[in-house]
There are 2 protein chains.
Amino acid sequence: MSARQVTLAEVAKQAGVSLATASRVLNGSTRQVSEELSDRVLRTAEQLGYVPNASAQALARNSSSLVGLVVHDITDPYFSCIAAGVTRVAEEAGLVVVLGTTGRRPEREVELLSTLRAHRARAVVLAGSRTTDRSAQSRLAAEIDAFTEQGGRVACVSQAKLGTDTVVPGNRAGGRALARALTELGHKKFAVLGGPSDLFVARDRLAGFKAGLADAGIAPPVVINGAFTRDGGYEAALELLASKTRATCVFAVTDVMAMGAMAALRERGVRVPEDMSIAGFDDIPTLRDTVPALSTVRLPLEEMGEIAAGLVLDAGGDEPRTVRVAGEVVLRASTAHN
Amino acid sequence: MSARQVTLAEVAKQAGVSLATASRVLNGSTRQVSEELSDRVLRTAEQLGYVPNASAQALARNSSSLVGLVVHDITDPYFSCIAAGVTRVAEEAGLVVVLGTTGRRPEREVELLSTLRAHRARAVVLAGSRTTDRSAQSRLAAEIDAFTEQGGRVACVSQAKLGTDTVVPGNRAGGRALARALTELGHKKFAVLGGPSDLFVARDRLAGFKAGLADAGIAPPVVINGAFTRDGGYEAALELLASKTRATCVFAVTDVMAMGAMAALRERGVRVPEDMSIAGFDDIPTLRDTVPALSTVRLPLEEMGEIAAGLVLDAGGDEPRTVRVAGEVVLRASTAHN
DNA sequence: GGAGCGCTGGAAAGCGCTTTCCCGCCACGC
DNA sequence: GCGTGGCGGGAAAGCGCTTTCCAGCGCTCC
């Protein structure tokens, strides 16, 4: 194995031109090369099966064709949708996506960023949501600085106070609109399965929801925090039931949590929506066919990924840019009139 | 921006040692370095925030720390689960995962492999399923050869006759076992929503299913082919209904297709499982909470990703290895006695 | 008709790192 | 006492590419 690798030098020699000329032909430089030589080089390269060594190019050019993508958990459809958007844009731009997963550990995010820096990634999209953990935040900020210092660009999806380009979904506005829609169905007593309290996304959705209830002059909801996962929703729902709170409508800050919650309700014989209405947030495509269909706030997740990738790939000014993406309330069968 | 990048040379100079020594300290070489110098180098590196330039390392060592992962569609939970397994193992090994998506275009797979080759990726996991398309296969095989020639390793998930390491899920056996389980429920008339006819995964599951029916002395099923997606399942189910076939049980070769099919049935007023039983294949975790709960064949998807990554990362002999992974029939509420 | 210019091609200097090779030093053994 | 290894340190030769700089050439323009 390991047959000698074809190098530019070999192509050049075979084609009877200099290294410089071969390089110019095979990698669109500004310089012109006569058609004759150009043809010869192209043909030889083709024939030898030449593939440029990306590491060498990266080293010589001091910039690679790597784009980082950092998510908490790629099996979470929220992230996989964003990932799809990011990869599409990156691939169109001829770049290659490096996927890192943090497992929701903030320090892992820092590590990944550092690795990406080592690889001289040209840009990074941070899709994991920020937390209120001060020290984690500051270490992350330091890494981000180091990264941008080096000429790399960084964009975040969802809330971030990191001075980077950001795609901000309308978490608060969405939560608020959802609350209003639900009050219009006649509900008066709400509960919220709120995700980890230190997560900005969760906090914003909750805050918006509370504001929406307040708008309608309705009492604040009972809030039960839990993990940002299916199981988190499940546990939180059980806790809600155990607490004997008399809510008629539950808002889970995530579709995935809502799924877990519905499972819990079902197990306990609570019918949705007859006994309890439930709504989520995100409108995960994979979950659209569930029964009862989940009321939620639709976020254009793939598009958000695309936007983030777009931001991070075209240079832009020094000003951090912010793109707001609105959520749209979608009422389906999981919420009923009360 | 773009403050000068800290290089090994600077660290070495600051620490008052040679480049060689600094390199040896900072990248576990076989050579020993005295504790004193070692400490000095480490401290200086730390202090200067030195991060090795991965491209330069890759170039000098002629091997990178990149692992490729090629999937058709990262939003498909089947692939995202596998991706999770692959990334976990790769990250534990200190490697970095490059994610490529093909959008189910075979030529894109070839392109990606070529890109990965350019990056001197040390290994690639091909998770997309193979088709019967001869020419696409042969071009892919050529790229795989080129890749391995260069010292890279390749592993495939699911059926592949490509001479690479492979993780083979028990598609046929699973289909067969499922068929038997369903006949034991008393069903006699089956339909299959079969996915694209040129896809090995689909064919195998179908073939196994047919074999299982034959085992039970039951007539072959009506087969309706469609795309390997939710919408494919939806369309196929509509077609099935339109065909007036009198099946009491439908097998969709994929959970995702089964979801689409259930949606179609529901829309048409066909109750599951009362009027029609339905089963899928894969046991996608995200879909486990659907109602009615989907009967299926469970595949340990994440584990399959882990295994594939494991195969591809530890050198192994020249013999292509094959790891078989069994599917386990899980009957739930979507299939009823007949 | 010669100075100046634009254009193409090639030589060569890096890019930041690894690794070979060599050198000096210090036991150690006879 | 002196050859012999072994060992830690450094100089320097690459790894495969890009890009600067220069040389040569055919023009145009006074």
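No experiment lies behind these values; they were computed from the predicted model shown.
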Problem - Listed nucleotide nearest any side-chain atom of Leu19(B), set dC17(C), dG16(D), dG10(C) - result: dC17(C)

Handout entry: Arg24(A) (side chain) and dG10(C) (base): donor-acceptor pair under 3.5 Å
Key = yes

Fill in the blank from the handout: The residue, Val17(B) or Arg120(B), whose nearest nucleotide of DNA chain D is more 5′ is Val17(B)

Practice task
Assess whether salt bridge (charged side-chain N to carboxylate O under 4.0 Å, His left out) is satisfied between Arg117(A) and Glu143(A), documenting all intermediate values.
Solution key: CA-CA 9 Å; Arg117(A) 177 151 71 99; Glu143(A) 263 302 319; 3.5 Å; yes

Handout entry: 5' priority, DNA chain D, between Arg61(A) and Val33(B) [closest heavy atom]
Key = Val33(B)

Problem - Between P of dT19(D) and CG of Leu59(A), the distance in whole Å - result: 12 Å

Practice task
Report yes if a side-chain nitrogen or oxygen of Gln57(B) is closer than 4.0 Å to either non-bridging phosphate oxygen (OP1 or OP2) of dG16(C); otherwise report no.
Solution key: no

Handout entry: Ser34(A) side chain near dT8(C) phosphate (N/O to OP1/OP2, under 4.0 Å)
Key = no

Completion exercise
Regarding the side chain of Pro52(B), the nearest nucleotide among dC17(D), dC17(C), dA11(D) is dC17(C)

Handout entry: Verdict with reasoning, Glu109(B) to Arg105(B), per salt bridge (charged side-chain N to carboxylate O under 4.0 Å, His left out)
Key = CA-CA 7 Å; Glu109(B) 201 160 25; Arg105(B) 296 188 307 279; over 6 Å; no

Exercise for the section: Classify the side-chain pair Thr21(B)/Ser18(B) by whether it contains a donor and acceptor separated by less than 3.5 Å. Expected result: yes

Practice task
Please report, rounded to the nearest Å, how far the P atom of dC7(C) is from the CG atom of Leu37(A).
Solution key: 17 Å

Fill in the blank from the handout: Considering only heavy side-chain atoms of Ala60(B), the closest of dT18(C), dG10(C), dA12(D) is dT18(C)

Practice task
Could you pick out which residue, Gln32(A) or Ala56(A), lies toward the 5' side of DNA chain C when each is mapped onto its nearest nucleotide?
Solution key: Gln32(A)

Problem - Heavy-atom side-chain proximity of Ser114(B) to Leu116(B) below 4.5 angstrom - result: no

Exercise for the section: When you get a sec, tell me which of dG16(D), dG10(C), dC17(C) is the closest nucleotide to the side chain of Asn53(B)? Expected result: dC17(C)

Practice task
Check whether any side-chain nitrogen or oxygen of Asn62(A) sits under 4.0 Å from OP1 or OP2 of dG16(C), and answer yes or no.
Solution key: no

Handout entry: Any Ser18(B) side-chain nitrogen or oxygen under 4.0 Å from OP1 or OP2 of dG10(D)
Key = yes

Practice task
Could you check which of dA12(D), dC17(C), dG9(D) has an atom nearest any side-chain atom of Thr21(B)?
Solution key: dG9(D)

